[in-house]
Amino acid sequence: MGRRFGKQEECEMTCYVGLDVSMEETAFCVRGPEGRILGQGKTATDPEAIAGALARFGRPERVVLETGRIANWLHRQLVARDLPVVCVDAHQAHAVLSKMPNKTDANDAAMLAELARTGFYRAVRVKSEAAQAMRALLKARNLVLGQRMDLDNTIRGLLTSMGVRLPKGPRRWSDRVELALEANEALALALRPLLRLRQDLARSLLELTRWLLGEAKGSGLCRPLMTVPGVGAITAYAFVATVDDPTRFAHSRSVGAYVGLTPRRYRSGEIDYSGRITRRGDGLLRTLLFEAASSLITRAGGGGALRDWALRLRAKVGHKKASVALARKLGVILHRLWVDGTEFRPA
């Protein structure tokens, strides 16, 4: 339980709350309009428990918590209980929290309450529950895909280190590995369990991919986006899951900066230069947009004026920079189509 405040009239004052959230317990701090601490303590990381602990101080003017593993869920649950919750960028909050000489949950909650009072923070939009479910499917597929690639590279490395070459003949890569292991029983003891694990991962990947493709093709939001050259079902699905609400961007060109596809700018005194892309935001969507752009540039036909523009740019700056520029343009087009509710029409 938290420390009791002094006077009863303090319950009716405007107050600001900071929440330092962990999996089991949440530290809270309540400040008044002048910055004085009215109360602080710890409670279970449960929406009802947190709302009950804050009810003793009246309805707060603002409640601030950092982005984290359970921040989205807790934010939605507290908003449903009529609390004015704001989720702030953890990187920005860290710059303030690190000024405290002692790192404790109570001190972090106190500094977050100060951010709530002063308004010196950058609010982060919390994704909807539906968007989080979509992203869970994307992340699960991406994890399995990465594990299978790591496993394939491990098997190749072990074969190469023993001087084993894969025979030509069977079409499937795993069948060729099995033939190569017939002449090396010692290596087979190590690699056959990995091959069985690879088969399990391949089945899981196929299941997740089929489910994802079915979801994308059955979505009224994804189908118009899939009409853009180079954009397939997975890229469209990832775009919808990541952006969630297109009205959050006043301009379509902001999408490129949101996913980290804009150049990094450094300007100080007489120094002024643009570096590589910022790589901020969702890395999966950024990768998918880049792959879509790269495939559009390199494939034989299709794309129309969009591909012609990218090819002219590639002749000037090279393939990678042209792919980044086209990926940024694809993000703008996808957002515009979503807002307008139309399909892509080639120029």
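All of these numbers come straight from a predicted model, not from anything done at the bench.
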Verify same cluster id: Leu212, Leu205 (apolar side-chain graph, 4.5 Å):
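Same hydrophobic cluster.
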Within one Ile-Leu-Val-Met-Phe-Trp-Tyr cluster: Trp173 and Leu206, side-chain cutoff 4.5 Å
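No, it is not one cluster - the side chains of Trp173 and Leu206 are not joined through contacts under 4.5 Å.
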Electrostatic pair Asp272:Arg265 at N-O distance under 4.0 angstrom:
yes
Sidechain N-carboxylate O distance under 4.0 Å for Arg117, Glu61
no
Can you give me every donor-acceptor pair (side chain of residues 311-320, partner residue at least two apart or in another chain, under 3.5 Å) with its distance?
from: His319; atom 1: NE2; to: Ser294; atom 2: OG; distance (Å): 3.0
from: His319; atom 1: NE2; to: Ser323; atom 2: OG; distance (Å): 3.4

For [X] and [Y], which I'm curious about, is there any donor-acceptor pair between the side chains at under 3.5 Å?
| X | Y | answer |
| --- | --- | --- |
| Arg336 | Ser252 | yes |
| Arg203 | Gln199 | no |
| Arg328 | Thr262 | no |

Do Val30 and Leu54 come close enough that some side-chain heavy atom pair is under 4.5 Å?
yes
Note, Val240 side chain near Leu334 side chain (heavy atom, < 4.5 Å):
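Val240 vs Leu334: side chains apart.
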So with a 6.0 Å cut-off around CZ of Arg276, is the heavy-atom count from everything else above 12?
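Check fails, neighbour count at 12 or below.
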Would Asp244 and Lys127 satisfy salt bridge (charged side-chain N to carboxylate O under 4.0 Å, His left out), going step by step from the backbone distance to the final call?
CA-CA 7 Å; Asp244 190 20; Lys127 287 183 171 57; over 6 Å; no
